[in-house]
Asker: 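Below you will find the structure I want to go over with you.
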Amino acid sequence: MSSEEETSQTSSSSSSPPPSSFSSSSSSPPPASHFIGKKEDIVKAGRMTKTVNGCRDVLVLHHQGQLHAMDVRCYHSGGALQYGDIEEFNGRLCIVCPWHKYKITLAEGEGLYQAVDDPTARPLRTHWRSKGVKQRIHKVTEVDGNVYVTLNDCSEPIESDVYQTEKYRTGLLKAQPKAKPRN
């Protein structure tokens, strides 16, 4: 995805979609959910980032017919996950951080790594292990073609929370290069 495409898909979220989008259905979005966009737009783009509730940067992605949502910055060092590849490791779908190649499960937000039980054995035998939940995952709901995210409000800190603070966001914006004026 180009930088220009990413910019066009990133915006602040309102908590409700346009009024016309609720027509023709008796189902309604969950309480405390936030409108992200039309499913067809997310499917077409593959990924969309959105600032939800004015304070949380969320990545919503569509992969193999499923919608997933998580904090947009990698728990390890703040890498932009919207540019990460989706790969399968030991039967689990993961997003791979483009900065340091950390693997994060789409369903649970677990960090995965390859472990070696006996480093003296040849050939080395490795297997995938979990570091535990490191990335905050959010609930995605679709109602009448509209996609909503309900933020994961678990009070237990999760490592990706660090990159959701005002201090980090302000520093990140200052560190980004300024756009050069066009002649």
Asker: Which residues pass the ring-ring contact (aromatic ring centres under 6.0 Å, His included) test with F89, not counting sequence neighbours?
Answerer: W128
Asker: Tell me whether R136 contacts the main-chain N or O of V133 through its side chain, where contact means a donor paired with an acceptor under 3.5 Å.
Answerer: no
Asker: Which heavy atom of V149 sits nearest to which heavy atom of A69, and what is that distance?
Answerer: CG2-CB, 4.0 Å
Asker: Does either side chain, that of Q114 or that of T126, offer a donor lying less than 3.5 Å from an acceptor on the other one?
Answerer: yes
Asker: Applying ring-ring contact (aromatic ring centres under 6.0 Å, His included), name anything that partners Y75, two or more places apart in sequence or on another chain.
Answerer: Y102
Asker: With side chains defined as the heavy atoms from C-beta onward, is the minimum distance between R47 and L59 less than 4.5 Å?
Answerer: yes
Asker: Rounded to the nearest 0.5 Å, what's the gap from CG on N152 to CG on D161? Could you check?
Answerer: 8.5 Å
Asker: Does R129 form a salt bridge (charged side-chain N to carboxylate O under 4.0 Å, His left out) with D117? I'd like the steps, not just the answer.
Answerer: CA-CA 11 Å; R129 285 208 176 142; D117 287 332; 2.9 Å; yes
Asker: With no hydrogens and no angle check, just 3.5 Å: does a side-chain donor-acceptor pair link N146 and K38?
Answerer: yes
Asker: Tell me whether R92 is salt-bridged to E108, with the criterion being a basic N under 4.0 Å from an acidic carboxylate O.
Answerer: yes
Asker: If you take all heavy atoms of K134 and I158, which pair is closest and at what distance?
Answerer: O-CG2, 3.2 Å
Asker: For H127, give me all partners under ring-ring contact (aromatic ring centres under 6.0 Å, His included), at least two apart in sequence or on another chain.
Answerer: none
Asker: Does a side chain donor of either S130 or E110 reach within less than 3.5 Å of an acceptor in the other side chain?
Answerer: yes
Asker: Heavy-atom count around R125 CZ within 6.0 Å, excluding the residue itself: above 12?
Answerer: no
